[in-house]
Number of protein chains: 2
Amino acid sequence: MERWPEREGLIVDGACRDALLPVGKLFRPMLLLASADAVGGDLLEFMPAAIGAEYGHAASLVHDDLIDGDEVRRGRESVWSKYGNVDAILTGDLLIFCLFECLTECIKLGVPAERVVAAVGSVARAGCDLCRGQSLELELSGSLTTEVDDYLRMVQLKTSALFRASCQTGAHLAGAKDADLDLLTSYADHLGIAFQVQDDLLSYTGGEGQMGKDRGSDIRNGRMVLPIIFAYQNESPSGRRDIEMCLSGQLDAAEALSIMTSMVIRSGALERTAGVAAEHALAASAAVSGLPPSRGRELLRGFVLQLAGSNDTSGRG
Amino acid sequence: MERWPEREGLIVDGACRDALLPVGKLFRPMLLLASADAVGGDLLEFMPAAIGAEYGHAASLVHDDLIDGDEVRRGRESVWSKYGNVDAILTGDLLIFCLFECLTECIKLGVPAERVVAAVGSVARAGCDLCRGQSLELELSGSLTTEVDDYLRMVQLKTSALFRASCQTGAHLAGAKDADLDLLTSYADHLGIAFQVQDDLLSYTGGEGQMGKDRGSDIRNGRMVLPIIFAYQNESPSGRRDIEMCLSGQLDAAEALSIMTSMVIRSGALERTAGVAAEHALAASAAVSGLPPSRGRELLRGFVLQLAGSNDTSGRG
């Protein structure tokens, strides 16, 4: 990859390659291109921005893994784990700057400058939201009185942010009308929530191999994910004391996860959590129904269905 | 400051306020505005970008202090020292995204979109350079065979980057011709080097209070600054062994600094270093002489003179 020159051999370039390759699901680039297609536009002109969306995603994972102390990502060593904290900070920063460079490259492919500026603005605001969402997540950590609304606000900032950035960038670059931009924004908000809630569930229903990451991370960091919030609401005083102990850091992470898993199952928290995911998946789907028929719109709907298809609370793994 | 809402009370917003206030010298915003003025332009239209230049600078300091383990900045606790590592990572990230948001705001003040896109591209590339320069600095740390050219390449990436970003942004927003953009780029490159070399000297000639930061940081981190590179070149084998010991981390930082200070003075390294600073200051001044006369051009020249005026190698403090 020419953007991360191997010949100069800087550690940070090698770390960027590791953060990007082998490629993941490329979900955010696909969101961007599907959104652009849904409002009409020549997708080839938007390829640099689609690549940028993946850079932004990779940047957030690199800093996130460092923040959470997660040693595994996509089944391999995370960047901080392999290169150390300092190069992980620099790698994330570099990927953020590259994301913006990518956006400006669309101008060479014929995208009007006004549209590029609008996209840069959307990505910048989404990036600010992402940071605030992560800061809020930290503040809520270990706070068992966290309300569902606090959690949803945090997720809308943290997880929906890069979905919004992708959908809005596609919309802006393709010259979407304001009404269509609003529909795609609403889609991204709800999809982000559905996705995060689903991801939170995976710690209790998914196997380690399936996730390619550390299942114990949320518990170890005292993250107030929705299954825990619901379990705490539903539990008796003695059950609540058990939850408090699991999040206190006094137990080994695997043991805490095992106890919490049986509690979220017996308290009905898994079903309630799955219900919230389904509700927001439905809202995402409804939002794009307002767009005219197109291949892009069907793709966007398909993403929701894929998510719903992975919504299996039977406790596999 | 409305951009960092106090009412929401997120830790990361408080940390951003701390990173920005009380304001420092605002050197990068002034570079931007002086550059814009030097090529003709309505400065009021560029104010959001000038504010953004300070955000970018603050972001780099927040991450840099965390990387270097520096506990003091502008005479106060650095952000990581006050808020912890995690919020320092998020604070720097947030300030980077805000920088780009600021650039897009110029469009509302009448700056043509093409110029804003060019500025975004310059800032993004400079940001990439900055990260690569910091990564290179880490790689060179403790490597006593570092050549002057390696050092200059690192500084041009690391320190000149945000000077380039400021000067090029001012030039782009004001619609500069390519030839003038090149002159301002050359000015920024040389000024950045002169500035960094001067800053490296300060550890040996300036008092702690004057710097508002930790004089022992470079030594503690084994940074290959120019005075050390020159001292190592000039020293006898036994002097070289002393330098190696100072950078080995075996000595207390204050003791290592004291030994290194006497060595850089006796080896003539201070004079050679001051000579390099003067050479690049001269080159910076020469570059802007190619611009037509203007208040902005005189300001840019004045910045060089200020730098030269602080070039005092008599060993005060």
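In what follows, chains carry the letters A, B, and so on, assigned in the order in which the sequence lines appear, proteins first and then strands, with residues in each chain numbered from 1.
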For B:Leu138, is it the side chain, the backbone, both or neither that has a heavy atom under 4.5 Å from a heavy atom of chain A?
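Side chain of B:Leu138 only, per the 4.5 Å heavy-atom cut-off to chain A.
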Check whether B:Ile67 gets within reach of chain A through its side chain, its backbone, both or neither, counting any heavy atom under 4.5 Å.
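Interface part for B:Ile67: both.
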With side chain to side chain contact (heavy atoms under 4.5 Å, CB included) as the test, would you mind laying out the steps for A:Asp93 and B:Asp93 before giving the verdict?
CA-CA 7 Å; A:Asp93 290 354; B:Asp93 290 353; 3.3 Å; yes
Which region of A:Ile107, side chain (C-beta onward) or backbone (N, CA, C, O), has a non-hydrogen atom less than 4.5 Å from a non-hydrogen atom of chain B, or is it both or neither?
side chain
Contact origin within A:Leu66 toward chain B - heavy atom pairs under 4.5 Å
side chain
Minimum heavy-atom distance between [X] and [Y], given as atom pair plus value:
X: B:Val117; Y: A:Thr104; answer: O-CG2, 3.7 Å
X: B:Leu90; Y: A:Ser135; answer: CD1-N, 3.6 Å
X: B:Phe97; Y: A:Ala124; answer: O-CB, 3.4 Å
X: A:Leu94; Y: B:Cys131; answer: N-SG, 3.5 Å

What is the distance from atom CG of B:Leu99 to atom CZ of A:Phe100, rounded to the nearest 0.5 Å?
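That separation rounds to 8.0 Å.
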With a cut-off of 6.0 Å (strictly less than), are more than 12 heavy atoms of other residues, nucleotides or ligands near CD of A:Glu77?
yes
Heavy atoms only, distances under 4.5 angstrom: which of A:Gly121, A:Cys128, A:Ala59 has the most pairs with chain B? Name it, please.
A:Cys128
Greatest number of heavy atom pairs closer than 4.5 Å to chain B - which of A:Ile96, A:Asp68, A:Val116
A:Ile96
Donor-acceptor pair, side chain of B:Glu139 and main chain of A:Leu10, under 3.5 angstrom
no
Can you tell which of B:Leu130, B:Ile89, B:Asn85 has the highest number of heavy-atom pairs within less than 4.5 Å of chain A?
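Looking at each of B:Leu130, B:Ile89, B:Asn85 in turn, B:Ile89 comes out on top.
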